[in-house]
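Below: one structure, written as structure tokens.
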Amino acid sequence: MKKLAYDLVVIGGGPAGLASALEAKRNGVKKILICERAPYLGGILNQCIHNGFGLSYFKEELTGPEYAERFITEVEKTDIDVKLGTMVLEILEDQQIIAVNRKDGMFIVETKAVILAMGCRERTRGALTIPGERPAGVMTAGAAQNYVNLEGYIPGKEVVILGSGDIGLIMARRLTLEGVNVKGVLEVMPYSTGLVRNKVQCLDDFGIPLLLSHTITEIHGKDRVEGVTIAAVDEKLQPIEGTEQYVSCDTLLLSVGLIPENELTNKLGCEMDRVTKGPIVNEKRITNIPWVFACGNVLHVHDLVDNVTQEAEIAGKAAAALITGKMNEEEKIVEVTHDKNIGYVLPQHFDALNNQDKVVKFFLRVKNPDEDIKLVVKDNSEKVLMNVKKSIVEPGTMITFNLPRQFVTKDTSSIDISIAREQAE
């Protein structure tokens, strides 16, 4: 079996993989390999032809392919090796990777560090409990996006969308622009789970109805979808008897959540977070395996690719520090906890002895929408380290903030993040 040797292997050639590889190269890593299972770099950005990318990172508005192209161009200027159409089969404990492609067959790569950047996948009908037949015309919103934007096919003429995730909202607009009758978007929660701007620009601006606290109770049709039965749900998200309505359609799109692609991560033995479905990491994006890093949607599902890029650069810089021998060997772990109103906080812990970065950047999501609140950060002695005021928080919008390292002392063993109501003046 063919054997190769690299200082760093990045698994995934999407926005996270490209940004982390470039940052590692900028920080002194000489031999880098990107393994991408698709026949091209860029990941999901290639089918995201709408604009709205890059506002934070590049300070200008780009489409998905334009955003990806900027990083692909930079990679091509370097000596970073790229293997397309390459599936990584397994990461071994002895820092070897088994992969396969048509050109090389099955081969082994010996490496000093690995960055996991495999992205995420959509939940399919199999993950839901919708009774009814199994006709053609039921697909994920991302599959429909691929058909329309890359393949040039329209999935149907009359469409119902289940779930108000960002891809579903964007496809509601996209299909409307192609002349499709989008009859409505159904959301089981009492609020939209996508970005507020997507709800406004994709639904409100086009007059597409959004039915909150509604779900689909049955799919009708034998060979092709003929319609769906929808119903309102109660506080326990159970259908309310007597609220059923039949809606005719020939296509049902599912936008019901994303799942990080962590089969390799689980098999390797990384500790996983039950909420994010990604590995547990510190502020350098190091997993419990010291030579394995993770970033992007394989770690937790992001709303903005700009945040993916910034997080990937953290992982790339840290991987470079490990490879070049610049990483601190001593470590004092500070655990991060949060209250019940917060879904998750990342990183889940950080190193109090890390003096290379002036701040620890946190990412978090709330469980429910709220207004006029503040995030309160306390240490293990109940001392308030900082307050972060927020006028509006939504589950679909990631919250980020920086904790200055000057607030962390040798006695800090944990910090807790909670949500408090702002006092009216």
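- Under the 3.5 Å distance criterion, with hydrogens and angles disregarded, no donor-acceptor pair is assigned to the side chains of Asp303 and Thr397.
- Scanning for ring pair (Phe, Tyr, Trp, His ring centres under 6.0 Å) contacts around Phe107 gives an empty result, with sequence neighbours left out.
- Residues Asn282 and His349 have side chains that never bring a donor and an acceptor to within less than 3.5 angstrom of each other.
- Residue pairs meeting the salt bridge (Lys or Arg N to Asp or Glu O under 4.0 Å) criterion with at least one partner in residues 145-172, sequence neighbours excluded, are Glu158-Lys183.
- The salt bridge (Lys or Arg N to Asp or Glu O under 4.0 Å) test applied to Arg173 returns no partner, not counting sequence neighbours.
- Under the salt bridge (Lys or Arg N to Asp or Glu O under 4.0 Å) criterion, the residue pairs touching residues 35-58 are Arg37-Glu261, with sequence neighbours excluded.
- In terms of the salt bridge (Lys or Arg N to Asp or Glu O under 4.0 Å) criterion, residue partners of Asp104 (sequence neighbours excluded) are, by chain and number, Lys2, Lys83.
- Pairs passing the side-chain hydrogen bond (donor to acceptor under 3.5 Å, both in side chains) check and including a residue from residues 134-144, sequence neighbours excluded, read Glu122-Thr140.
- Residue pairs that meet the salt bridge (Lys or Arg N to Asp or Glu O under 4.0 Å) test with at least one member in residues 51-65, sequence neighbours left out, are Glu60-Arg70.
- Residues forming a ring pair (Phe, Tyr, Trp, His ring centres under 6.0 Å) with His50 (at least two apart in sequence, or on another chain): Phe53.
- Contacts of Glu271 classified as salt bridge (Lys or Arg N to Asp or Glu O under 4.0 Å), with partners at least two apart in sequence or in another chain: none.
- A donor and an acceptor atom, one from each side chain of Asp379 and Ser381, are located under 3.5 Å apart.
- The stretch residues 275-296 participates, sequence neighbours left out, in these salt bridge (Lys or Arg N to Asp or Glu O under 4.0 Å) pairs: Glu283-Arg405, Arg285-Glu311.
- Residues that satisfy the side chain to side chain contact (heavy atoms under 4.5 Å, CB included) test with Glu178, not counting sequence neighbours, are Val148, Ile154, Arg174.
- Scored by the side chain to side chain contact (heavy atoms under 4.5 Å, CB included) test, Gln95 finds Trp291 as partners (sequence neighbours excluded).
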